[in-house]
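Heads up, the thing below is written out as structure tokens.
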Amino acid sequence: MRTLFHSLRRIGFQRGPRRLVAGIGGGLAEKFGIDVWLVRLLLLASFLLPVLGLGAYLVAWALLPWQDGRIPLERAVEGLSTES
């Protein structure tokens, strides 16, 4: 699992500092040099697609690192392993 999280950090995509919910739109806007509100509108439009839009957003939320490198899924997995 560590190699998965390490490779996610290496792709260079992080959640953006200008976030409304989870920073996914802000991170995409920063990475591709697009206006953050345009990306947010596109994300909202993707939620109209059954399962795909919201599902992809939730997967991105779980796997993409914050600006300090923390990944929510990694923290959850570590928390489960320390409880055992």
Side-chain angles (χ1 to χ4, degrees):
M1 284 300 268
R2 285 193 187 277
T3 57
L4 169 69
F5 297 124
H6 181 65
S7 62
L8 287 172
R9 285 185 186 93
R10 275 196 334 230
I11 63 173
F13 180 82
Q14 297 177 339
R15 299 174 192 213
R18 300 176 299 178
R19 63 179 189 262
L20 288 179
V21 178
I24 306 301
L28 285 171
E30 188 174 309
K31 177 76 173 176
F32 296 110
I34 303 172
D35 182 54
V36 69
W37 284 103
L38 175 63
V39 174
R40 288 174 181 156
L41 285 173
L42 292 172
L43 284 171
L44 283 174
S46 76
F47 290 169
L48 297 174
L49 301 171
V51 182
L52 183 64
L54 185 59
Y57 192 86
L58 292 174
V59 167
W61 175 84
L63 293 177
L64 293 176
W66 292 100
Q67 291 184 325
D68 64 359
R70 293 178 296 136
I71 298 175
L73 184 61
E74 180 181 31
R75 292 176 58 128
V77 168
E78 286 175 355
L80 289 175
S81 65
T82 58
E83 290 179 7
S84 301

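The closest side-chain heavy-atom distance from P72 to W66 is below 4.5 Å.
The cluster map of Ile, Leu, Val, Met, Phe, Trp and Tyr, joined by side-chain heavy atoms under 4.5 Å apart, puts L73 and L4 in the same cluster. At a threshold of 4.5 Å between side-chain heavy atoms, the hydrophobic network of Ile, Leu, Val, Met, Phe, Trp and Tyr places L41 and L54 in two separate groups.
Each of L28, I24, L44 was scored for a side-chain contact (heavy atoms from CB on, under 4.5 Å) with V39, with one residue passing: L28.
The stretch residues 28-55 participates, sequence neighbours left out, in these ring pair (Phe, Tyr, Trp, His ring centres under 6.0 Å) pairs: F47-Y57.
Looking at every heavy atom in both residues, A62 comes nearest to I71 through O-CG2, 3.4 Å.
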